[in-house]
Amino acid sequence: MGALLEVKNLSVRFDARAGEVQAVRGVSFSLAAGEVLAVVGESGCGKSVLCKAIMKLLPPTARITSGSILVNGADITAYRERDMRRLRGKLFSMVFQDPMTSLNPTMTIGAQIGEAVRLHHPRLSRGELRSRVEELMTLVGIDRPRERMDLYPCHFSGGMRQRAVMAIALAGEPSILFADEPTTALDVTIQSQILDLLREVQQKLGTATVFVTHDLGVVARVADRVAVMYAGKIVETGTAEEIFYDPRHPYTWGLLQSLPALSRGRDTLRAIPGMPPSLENPPRGDAFACRNPYALAIDYEEEPPMFRLSDTHYAATWLLDPRAPEVIPPIGGGLHG
Amino acid sequence: MDNEILLDVQHLTHFFPITKKIAVKAVDDLSFQLRRGEIFGLVGESGSGKSTVARCVMNLYRPQAGRILYKGIDTCDRRAFRKNRRMLQTTRQLIFQDSASSLNQRMRVCDIIAEPMRIQHITPPRGTHRAEAAFQMHYVGLDPSFLDRYPPELSGGQRQRVAIARALAMEPELLVADEPIASLDVSIQAQIVNLFKHLQQEHGFSFLFIAHDLAMVEFLCDRVGVMYHGRLLEVAPTEELFQHPLHPYTKSLLSAIPIPDPVRERARKLIPYEEEPGAPRGTLREVSPDHFVAE
């Protein structure tokens, strides 16, 4: 499968009052058609900025300082707003965390989905538009679409609103869907339903999905591949199986260990100590070193390169260097089977 | 843990009127007991009335019916409340879900933490209010350099710690935590949960812990009550509830917990729950020691 989206060495900086914030620092990844990639990391690690940079939805204070974004082989890094508009919705669209702020409270749900449909198919008649809206609402699992079309967002529950937002995002039949923490504001049961829906839509329409979240626990269900981000960089990437059964980066270990499901029977959760570093002037060497119990002396001096473990599995940690001492991963392996 | 009952909620009912005729039954004839030194979890989906319970317990709402006994004092009775006002206001503390809106943006962190002591005219045991704030901050794992910062300068996890430090400044006996970790990152959630566990074990705090994240509840709580549409459907010790759930809604909730394991997680099936319309309202019945189910 050829890569649908390829990001090479992308860096994004923000101009802040106190100086420059390096939100994304040299991120490379690729996304094949119909694939689900989960981007996991703590808040402030640059995962949302990464999505917005690809869709060019960043505020004017942000700049892409290096790198390129290729879609189907075409470089869109230098595209201007006018060209980007033609791509948004058709090529990629986005679902945000809070469905209440992405919906207009004064318009009916049907009108809002219809608006998105009309943008892509301006010549539809009123009847055709209505049936297309109905079709989309059925696709995202809203029962009785005919009645609910004329309701306002305030009549919908959180899960239903998120479904409506997904219907809008899917109106232009995009090839890539960016889902930025789509389940964080929702309950466990609803979260589970939305995750299933994401997977279902992806299988029905073949939409490639970039799923952004801070919770490694939820990605096991939906993701084909996982990229773990820390301080603006991808520190480990691999298939879901590789990340969950054979994680190699100490940060991935930390994220997995802090899940309560893996601490059953223990007295305390194994939290990652400390806070993520400020990206105004990122520390020298490995940004994770000061929170890393496995840090080596070299971690404070030099940034680790990406070590290749398999065709799909890469991790950036000096522990994988042949000269590093042997460390037994505190997690993984035992989970299998 | 002794079996002294610290908080006794009896037939609590709270309606929110929408029009003169229609009212939302946020909490409907709910009873449970919280023992001293235990963490009682209240779980349920959003809109099930968990927060309303917390607010009734803290006297922020006046329930339409039912009694809430705290140390044997009926807190809903105005005369009893006035008589014990100081004790009730100092020994019970509430931590809100959204620390961005529950902390005053224009107050420095040290003033926020010391404010309850100023209000209650308590002489700070460590000399000054500032020293007391620094002590509480150290306790919840915040650097003293944050003393003169303002809440918007802090991250979500740090703000939540300030809110916890403020609640702890009164050395309460009962902490009501209304989804205190829902808005935080998983790694920070773990730090806060460890802090709660430490507070319970080392200092004997009692918690009413409200959450929708069942995985955290399983880890933290001693007993759990499952709420649905304003009613308690099942109450049991945590292990018993997660091993032998009896009510169909509890089973549905448990089936929704994500498993961090791709193979098992993809095979996991969500058990849907539909309340039968017109089903009789069940009352809690003890099926095994300490395990109650609505039937």
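The chains referred to below are lettered A, B, ... by the order of the sequence lines, with proteins before strands, and numbering in each begins at 1. Atom set for the values below is all heavy atoms of this structure, side chains included, hydrogens, waters and symmetry mates excluded.
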key: chain A contact via B:I259 - side chain, backbone, both or neither, heavy atoms under 4.5 Å   = backbone
task = Side chain from CB out, backbone as N, CA, C, O: work out which of these in A:Q257 comes under 4.5 Å of a heavy atom of chain B, or both, or neither.
result = neither
task = Side chain from CB out, backbone as N, CA, C, O: work out which of these in B:E239 comes under 4.5 Å of a heavy atom of chain A, or both, or neither.
result = neither
query = Got a sec, which pairs hit salt bridge (Lys or Arg N to Asp or Glu O under 4.0 Å) with one end in residues 36-45 of chain A, sequence neighbours left out?
reply = A:E42-A:R291
ask   = Do A:D15 and A:T61 have side-chain atoms, one donor and one acceptor, less than 3.5 Å apart?
value = no
inquiry  = Using a strict threshold of under 4.0 Å (side-chain N to carboxylate O), is an ion pair present between A:E242 and A:R225?
reply    = no
ask   = Which residue pairs satisfy the ring-ring contact (aromatic ring centres under 6.0 Å, His included) criterion with at least one member in residues 251-274 of chain A, sequence neighbours excluded?
value = A:Y230-A:Y251, A:Y251-A:F288, A:W253-A:Y294
